[in-house]
Protein chains: 2
Amino acid sequence: MAEAPLNVGLLLHIPYRAMESRVFQALAAAGFDDFTPAQARVFQRIGPEGSRLTDLAEQAQITKQSAGFLVDQLERAGYVERVPDPTDARARLVRVAERGAKAIPLAAAVVAEVEAEWARHLGERRMSQLRGILTQLREITDPWQ
Amino acid sequence: MAEAPLNVGLLLHIPYRAMESRVFQALAAAGFDDFTPAQARVFQRIGPEGSRLTDLAEQAQITKQSAGFLVDQLERAGYVERVPDPTDARARLVRVAERGAKAIPLAAAVVAEVEAEWARHLGERRMSQLRGILTQLREITDPWQ
DNA sequence: CTACTTTAATCAGAGGCTCTGACTATCTGT
DNA sequence: ACAGATAGTCAGAGCCTCTGATTAAAGTAG
């Protein structure tokens with residue numbers, strides 16, 4: 001794809017993967033060792049009041065069948081629960097359950113820690129530029145606004 | 001993981017995924033429709049003189065069994081070939097084959113096109129800042145130098 | 001030169017992730 | 001009331017990745 005000056009796509013992927021590994025290592029060390037990246041990509045999108053399976057699938061850019069498969073596992077492991085959607089009898093809301101709620105602050109802490117490391121390396125100024133540029137870039141690269 | 005101000009990890013992932021989709025769409029449209037992201041992650045790392053399976057596996061951060069599986073498929077599809085390593089009879093070099101060589105300039109063109117779109121949106125100045133910051137960030141997030 | 005250790009690659013088996021296609025139940029709009 | 005759209009599931013297939021064991025060749029020490 002590129003050689004000498006790594007393409008920006010790859011450059012974006014490298015720190016992303018580093019962040020992801022750190023979060024998963026920390027979660028596993030804290031006993032959340034049944035928890036896969038694929039499950040996390042769905043779990044992450046669950047809104048405060050719960051989300052419908054179809055919405056989770058769209059946002060994670062997978063089919064609803066795949067999302068259903070992953071939610072099944074998250075449910076079995078106690079991270080989420082499914083409740084009827086009061087506004088639509090066809091639908092069910094996927095909500096964060098007790099065990100999932102415990103994992104969230106832990107993950108958030110690791111994210112904050114890694115971001116702090118990056119800020120130390122880049123300097124606060126460049127770190128905040130990075131955030132600003134990525135937010136602007138999101139305008140044309142995020143299909144889900 | 002985060003809510004209001006998206007965490008930087010996620011912000012990095014959004015444009016990466018956009019870039020990847022664009023490249024795969026273009027390859028598929030040009031007849032390279034048997035070519036998966038997993039295969040690409042290995043293919044991408046093949047050096048100009050060919051690379052050993054073990055090195056490809058390390059750089060792609062997968063096991064050598066997985067790398068072997070993917071190289072098998074790339075070989076069957078004509079993207080790569082395996083030749084004996086003249087310096088070590090245990091090893092074989094995975095090299096880009098004819099069909100693979102044809103796909104490379106196409107992928108490079110799409111990468112350039114997407115980068116140009118991003119530069120238009122961000123402005124040349126911020127695009128070049130992005131590249132610089134990511135390159136610096138790579139120093140502490142890339143296990144392979 | 002021989003024995004031990006390491007390295008490159010493969011084989012075998014298992015499980016996880018994602019997809020397409022088909023189906024049921026419910027809602028929406030006319 | 002009916003046709004079409006939407007939420008979710010079931011069934012089946014294929015792809016990706018892993019752990020553990022194995023073969024062959026290299027490197028190393030005595």
Angle between the two end axes of the helix from C:dC1-D:dG30 to C:dT30-D:dA1, five base pairs per end, rounded to 10 degrees?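 Between the axes fitted at each end of the helix from C:dC1-D:dG30 to C:dT30-D:dA1 lies an angle of 30°.
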
Summary of salt bridge (charged side-chain N to carboxylate O under 4.0 Å, His left out) pairs that have at least one residue in residues 58-71 of chain B, sequence neighbours excluded: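 Qualifying pairs: none.
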
What contact category does A:D88 fall into here, base, sugar-phosphate, or nothing, at under 4.0 angstrom with non-hydrogen atoms?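 Since only primed, P, OP1 and OP2 atoms lie under 4.0 Å of A:D88, the category is sugar-phosphate.
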
With under 30° as parallel and over 60° as perpendicular, where do the rings of A:Y79 and A:F43 fit, or are they tilted in between?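 Answer is perpendicular, since the angle exceeds 60°.
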
On DNA chain D, reading 5' to 3', which nucleotide is the first and which the last to sit with an atom under 4.0 Å from a heavy atom of chain B, could you check?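 For DNA chain D, the relevant span reads D:dC16 to D:dA26.
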
Closest approach of [X] and [Y], non-hydrogen atoms and distance?
X	Y	answer
B:D34	B:A77	OD2-CB, 3.4 Å
B:L106	B:A26	CD2-O, 4.3 Å
A:A107	A:V23	CB-CG1, 4.1 Å
A:R45	A:R41	CG-O, 3.2 Å
A:G78	A:A97	O-CB, 3.6 Å
B:G50	B:R95	CA-CG, 3.6 Å

Check: [X] side chain, [Y] main-chain N or O, donor-acceptor pair, under 3.5 Å:
X	Y	result
B:T141	B:L137	yes
A:R138	B:P15	no
B:S51	B:G47	yes
B:E115	A:V8	yes
B:H121	A:Q136	yes

Name of the residue among A:R52, A:R90, A:R92 meeting side-chain hydrogen bond (donor to acceptor under 3.5 Å, both in side chains) with A:D85: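 It is A:R52; the other options fail the test.
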
Lys/Arg N to Asp/Glu carboxylate O, A:E117 vs A:R22, below 4.0 Å: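 Salt bridge: yes.
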
Report the residue (A:T36 or A:T87) whose heavy-atom-nearest nucleotide on DNA chain C is the more 5′ of the two.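 Result of the comparison: A:T36.
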
Shorter than 3.5 Å, N or O on both sides, protein versus nucleotides 4-6 of chain C: list them out with atom names.
none

Can you list, by residue number, the residues of residues 74-82 of chain B that have a non-hydrogen atom closer than 4.0 angstrom to DNA chain C?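 Heavy-atom cutoff 4.0 Å gives B:R82.
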
Looking at DNA chain C, which of residues 49-67 of chain B put a heavy atom within less than 4.0 Å of it?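 Listed by number, they are B:R52, B:L53, B:T54, B:K64, B:Q65.
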
Counting only side-chain nitrogens and oxygens, does A:R41 get under 4.0 Å of the OP1 or OP2 atom of C:dC17?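 For C:dC17, neither OP1 nor OP2 has a side-chain N or O of A:R41 closer than 4.0 Å.
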
